[in-house]
Structure formats: structure tokens, C-alpha cells
Amino acid sequence: MKNISIWQDTVNDSGKYDALKENIEVDILIIGGGITGCSTFYQFKNDNIKVALVEKNRLGSGASSRSSAKITFLQEDIYTRLNNTFGRDKAYLYYRSQKEALKIVSDIVESEKIDCDFKTSKSYLYTLDSSNIKKIEQERNIVSSFKEKTTSIKKLPNGMRIESGFYVNDTYIFHPLKFIKEIVKKSISLNHRVYENTKIIKIEKEKDYFKCYTEKNIIKTKKIVLALHYPYFLMPYLMPFKCYLEKSFLICSSVKNSYDFNAINIEKPLKSIRYYNDYLLTVSSSANLAFASNSRKMVDDLEKNTNITNYDYVWSNYDLMTLDHLPLIGYIDDNLILSTGYNTWGNSNGILASTIIKDLINNKYNIYKELFDPRRAFNKQKLINYPINIFSNLYSFIDSKINKNKVFYNGNPRFTKINGKSVAIYKDNKGKEHIIYNKCPHLGCSLVFNEIEKTWDCQCHGSRFDLDGKCIMGPSNYDIGYK
Ligand SMILES: Cc1cc2nc3c(=O)[nH]c(=O)nc-3n(C[C@H](O)[C@H](O)[C@H](O)COP(=O)(O)OP(=O)(O)OC[C@H]3O[C@@H](n4cnc5c(N)ncnc54)[C@H](O)[C@@H]3O)c2cc1C
């Protein structure tokens, strides 16, 4: 069984980019090479300006290579939630934005002839719980009121029985890593450069430009696009109080019959599915990161929820959830644009963001500017979720300080002190001990061992480290050393 995503395992790994080795000056610096950063880079490909895209690991190594890779506007009960919080007009505007995203991606795939297993797929929303039939009807009514054709169903095309559900046409599935790598390849030129293994560790604002520091060089830029999923800095934007991370596990199991539809249920436990070649991809078992330390238990729950115990791939993914269900796309300061908070729908929203960002930078009107403005005011939903979010943030932070050496598995790994410092030790199956300090470099939270993927994970803000402390995901800008 592999503990990387099926996308990471089935992409051609050629087309690596060198790290930055000199000081440079650009008009726009895009930080983060996921679906957002790469789509934004693509949007500027024909513009006569200097653009640099920097990625701290490899392109697509973050959340974008670990999703279920649907591109759909049917996103659980999003329209009911938006309707309740903001009213019908804003719910419709969000629907319109997602439809636009679908058009943008299909146009790119067609015009650039991108080979990324892109397929039209019907999206299904269903419930397995009779008490949720009303919720399904509510969502269907709203979607239908947008003049979208919806069709009611009693079972999924693979024969799975449900209590109630409906589907919409003309949504998509794809291979996210192939898409990302291809659009970047199509956008590179002398003035449009990509640097992998290049992380921005500090940003300084000068009068009318920024100085962005990598470990060895400086990038001078007029504008910055923060496409780095979870912005690593706290002040002055207080990201952890505006959003929280949700962690989920995904599995891929081989199947005899494959289908082109994708489906998601409206309740927890989640059972979101799609097929890729001869595999069934299932997402289940998701939780606020503060309560998702025990990866083994999450996967046990997933197996129980899905009745699948035999699978070929298992991996986790994190996404940033906002308090009012809407993404954060727009200026957070002069010449500083943020795009994140996609509430697990970052393929459509990341691609859409690239066009909003382009309009913002070009001072062009964009109809979605206000809807997604990261500086938008408090609303009903934010007010309800704000205290819960503060509680879960504080809970994970304090818990990580008090319960320093959380062990869910017997024997391996173990925690101890060496020279007065807390260390975490993992003994691999060749008997080699891997020792790292038990402290996340981001904000000093202690680590928990993820037995499924054999990584050390920070339960506060989602940074993840390999057995030797190299940061492979998340907001930490540093590896964990051990000297
Ligand atoms: C279980 C699960 C299933 C999902 N399924 C779907 C789906 O079916 N459809 C859908 O639309 N969405 C889905 N999503 C959501 C989607 O995966 C994410 O919203 C999306 O990939 C986020 O893209 P991004 O570009 O913002 O972030 P990322 O892909 O994480 O990219 C950010 C990049 O920034 C880099 N970076 C960070 N800090 C720095 C720095 N200091 N310097 C340089 N680089 C840096 C990171 O290494 C990373 O590569 C799912 C999410 C989860 C959790």
C-alpha cells in the first residue's frame, strides 16, 4: 500500500525547475505553486511584465496534489448555507463564480490542449440519512432556482443505495498535478520564471516595493500574490482566527467497473467519491485539525464508514475553512493579494481566483471582488463560528503544550529528553533511529506521529515533517533540526 496520493504516483516527474540562485527584480511575485499560484502564473503568460513563481518544495506538492480532483459547482449544501447567511443574491453570485471557474478550466484545457485526464462528469449530492432528505430538497430547490437542471435519483450510477439525492450535468474531474505542471510549462518565458525549492522566509515592505527574502537571495517586487494555502505569518492578518484547518483521509481501491460520475453526501461521516482509471477514490473521516491528532483512528473510522479495508493508496489532505464558507481572495494590504480559504473546493476556486487576481492587479472591475474580499466585515455566520474557532485554536495550542508527548501507538515512536531538550524518535524497520526535536518551528507546538503516512505532524497549524524533520507541508518555513 502506498501512502502518497494517486496523483503524485501517476504524474511524469520530468520538468523540474531550479532553485533561485541570484537576486532578481520582478513586477509580480507569486508565492506558492499549487493550483492557485500556477493558475495565476498562467493568467499573466502573455503580459509584457516580469513574473516569478516561487515554490518552497516542488510544484503542486501541497494540498493540490492530494485532493479528490473534482471541479464542480455542486459543493455539499453551500447554497443553502450562503442563502441563510447572505441571502439569495450572494448565493447566486457564488454559483455564478463556480460556473465561470468551470468554463475557465475547460477553455484552458481545450485551447492549450492540456493532457490532464480531464473529463465531463455528473456531480451527485446525496444523503444516506432519511432525516436529511429535507436538506437535500432545500439545496436542490436553490440550485434549480438558478435555472440549473437538476435530476432526482434514488441510487448512484454504481448501484449504491441512498435515501435521496440529485445530480447536475457538465461538471468535471481531472488529474490536478498533470494540469498544474502543463499550464506552468505553457507559461514559461524569459520574463516569466519559476523557481522550485525556493521558500520566502521574510517579506519587508519598502516605499513602493517589497523585499522578499529566500534563504540566500532577495526578490524585489512591486506586487505579491500569496498563494501559499496557509499564510505563515500571524500578524497583522490573524489568519488562525479567521480560518481553521480541516484534515481528511482519502483512499484509492481498485475496482472492476469504473464510472465518470462524482458524488458527495450532505452529512458526516463524509463519503465523497469519484473514479480514476480502475480506482475508486473515497474521502471520508474529516475533522477540525485540533481534534484530528490520531491518524490511525481516522483511517479506522474511514474503513468502517466505507466498508473498504483493502486499498492501494491512503493519504491525508488539509484545507483551510473560513468562518462564513466563502474564500478569501483579494487585497489584504497595498499591493499584497491573498488567495486561500477554499473550504475544500479549491480546484474551482483556485482557478477562479487567478482571474480575479489578474483583474485586481490590472485595476479592472471584477464582479466577485466584494464577495471574496478577505477584509469583508463580520456577518451572522462569522459571529457564530468565531468563538468556536478561537476555542479550537486555543485548545490545540494549549493541548500541544500540556500533552507534550502524545503517543497513540505502542513502542514506536517514542519521546524522551536529550541534553534537557524534548526529542521525538522513530526507529525505522532497518533499526535506524531518526531523532528530531519535538517542537514545530512555526509556533513551538509539540508534534504527533502520523502512523499512516510516517510523518511528524503539528496539531496546531498543520505543518508536516518527514522522519528526519524536513518540512513537507504547511506553514512552517523551517525544517526541524537535531544537533
Ligand atoms: C480531502 C480533500 C479533498 C479535496 N477535494 C477537492 C476536490 O475534489 N475539488 C476541489 O475543488 N477541491 C478539493 N479540495 C481542496 C483543494 O485541494 C485545495 O483547496 C487546493 O488544492 C488549495 O490550493 P492552493 O494552491 O491554495 O494550495 P496548495 O496546493 O497547498 O499550494 C500552496 C503552495 O505554497 C507553497 N508554499 C507555502 N509556503 C511557501 C513559502 N513560504 N514560499 C514558497 N512556497 C510556499 C506550498 O509548498 C504549496 O505547494 C480538497 C481538499 C481536501 C482536504
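Remember, it's 1-based here, ligands and their atoms both numbered in the order they're listed. This is a predicted model, so every value here is computed, not measured.
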Q: Salt-bridged, K470 to D466, with N to O below 4.0 Å?
A: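 D466 and K470: not salt-bridged.
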Q: For ligand 1, does S248 get within less than 4.0 Å through its side chain, its backbone, both, or neither, judged by non-hydrogen atoms?
A: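 Contact part for S248 vs ligand 1: side chain (C-beta onward).
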Q: Is any side-chain N of the basic residue among D301 and K297 closer than 4.0 Å to the acidic one's carboxylate O?
A: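 K297 and D301: salt-bridged.
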Q: Which atoms of ligand 1 have any heavy atom of K199 under 4.0 Å away?
A: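 The list of qualifying atoms is 42 (N), 43 (C).
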Q: Please identify which atoms of ligand 1 are closer than 4.0 Å to at least one heavy atom of L250.
A: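 Once the distances to L250 are compared, the set is 1 (C).
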Q: What are the atoms of ligand 1, with element, lying closer than 4.0 Å to any heavy atom of D319?
A: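 This gives 15 (C), 18 (C), 19 (O), 53 (C) as the contact atoms.
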Q: Compute the minimum heavy-atom distance from A69 to ligand 1 and say whether it is under 4.0 Å.
A: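 Checking ligand 1 against A69, which is what was asked, there is a heavy-atom contact under 4.0 Å.
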Q: Taking ring-ring contact (aromatic ring centres under 6.0 Å, His included) as the definition, give me every residue that meets it alongside Y195, ordered by chain and number, with sequence neighbours left out.
A: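 ring-ring contact (aromatic ring centres under 6.0 Å, His included) check on Y195 returns nothing, list empty.
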Q: By number and element, which atoms of ligand 1 are closer than 4.0 Å to a non-hydrogen atom of G62?
A: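 Those atoms are 29 (O), 30 (O), 49 (O).
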Q: Under 3.5 Å between some N or O of ligand 1 and some N or O of N477?
A: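 Yes; at least one N/O pair falls below 3.5 Å.
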Q: Fit a plane to each ring of H461 and Y230, take the angle between them on a 0 to 90° scale, and name the class: parallel (under 30°), tilted (30 to 60°) or perpendicular (over 60°).
A: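 Judged by the thresholds at 30° and 60°, the geometry between H461 and Y230 is tilted.
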Q: Taking atom NZ of K178 as the centre, report whether more than 12 heavy atoms of other residues, nucleotides or ligands fall under 6.0 Å from it.
A: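 Atom NZ in K178 is crowded, with more than 12 foreign heavy atoms closer than 6.0 Å.
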Q: Is G60 in polar range of ligand 1, meaning some N or O pair under 3.5 Å apart?
A: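 No.
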Q: Please determine whether a side-chain nitrogen of the Lys or Arg among K50 and D27 lies less than 4.0 Å from a carboxylate oxygen of the Asp or Glu.
A: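 Between D27 and K50 there is no salt bridge, as every charged N stays at least 4.0 Å from the carboxylate O atoms.
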Q: Assess T198 for proximity to ligand 1: is some non-hydrogen atom of it under 4.0 Å away?
A: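 Right, T198 reaches ligand 1.
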Q: Could you check which of R274, E55, H229, K56 puts a non-hydrogen atom nearest to atom 48 (C) of ligand 1?
A: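 Minimum heavy-atom distance to atom 48 (C) of ligand 1 goes to E55.
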Q: Is there a polar contact between ligand 1 and I35, counting only N or O atoms under 3.5 Å apart?
A: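 So ligand 1 has an N or O lying under 3.5 Å from an N or O of I35.
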Q: Tell me if a side-chain donor or acceptor on N57 pairs with a main-chain N or O of M473 at a distance below 3.5 Å.
A: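 Checking the backbone N and O of M473 against the side chain of N57, no donor-acceptor pair under 3.5 Å is found.
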Q: Looking only at N/O atoms, are S64 and ligand 1 under 3.5 Å apart anywhere?
A: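 In this structure, S64 places an N or O atom under 3.5 Å from an N or O of ligand 1.
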Q: At a 4.0 Å threshold, what atoms of ligand 1 neighbour a non-hydrogen atom of G33?
A: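 The atoms of ligand 1 under 4.0 Å from a heavy atom of G33 are 33 (C), 34 (O).
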Q: May I ask you to check if ligand 1 and G474 share an N or O to N or O distance below 3.5 Å?
A: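 Such a contact does not occur with ligand 1.
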Q: Whether the side chain of N277 engages the backbone of Y279 through a donor-acceptor N/O pair (distance < 3.5 Å, no angle test) should be reported.
A: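 Pair absent, no side-chain N/O of N277 close to backbone of Y279.
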Q: Please list, in number order, the atoms of ligand 1 under 4.0 Å from a heavy atom of S348.
A: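 Near S348, the atoms of ligand 1 are 11 (O).
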Q: Quick test of your reading of the model: are E182 and K185 salt-bridged, counting only N-O distances below 4.0 Å?
A: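 So E182 pairs with K185 through a salt bridge.
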Q: Could you tell me which atoms of ligand 1, counted from 1 in the order shown, lie closer than 4.0 angstrom to a heavy atom of I31?
A: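 Under 4.0 Å from I31, ligand 1 has these atoms: 40 (C), 42 (N), 43 (C).
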Q: Does any N or O of ligand 1 fall below 3.5 Å from an N or O anywhere on R66, backbone included?
A: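 N/O-N/O distance under 3.5 Å: no.
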Q: Nearest heavy atom to atom 26 (O) of ligand 1: which of T36, T40, T344 does it belong to?
A: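 Considering heavy atoms of T36, T40, T344, the nearest to atom 26 (O) of ligand 1 sits in T36.
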Q: Taking only residues two or more places apart in sequence or in another chain, which ones pass ring-ring contact (aromatic ring centres under 6.0 Å, His included) with Y311?
A: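 In terms of ring-ring contact (aromatic ring centres under 6.0 Å, His included), with neighbours along the sequence ignored, Y311 is linked to no residue.
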Q: Within less than 4.0 angstrom of ligand 1, does T340 place any heavy atom?
A: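 No.
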Q: Does the distance from a Lys or Arg side-chain N to an Asp or Glu carboxylate O, for D300 and K304, drop under 4.0 Å?
A: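 No.
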Q: Looking at R464 and E453, is any side-chain nitrogen of the basic one under 4.0 Å from a carboxylate oxygen of the acidic one?
A: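 Answer for the salt bridge query: yes.
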Q: Determine whether a donor-acceptor pair (N or O, by modelled atom type, separation under 3.5 Å) exists between the side chain of N305 and the backbone of K271.
A: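 Flag not set: sc N305 to bb K271 has no pair under 3.5 Å.
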Q: Under 4.0 Å, heavy-atom basis, I'd like to know which part of P176 is in contact with ligand 1: side chain, backbone, both or neither.
A: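 None of P176 does.
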Q: Using a strict 4.0 Å cut-off to heavy atoms of V283, name the atoms of ligand 1 that fall inside it.
A: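 Near V283, the atoms of ligand 1 are 1 (C).
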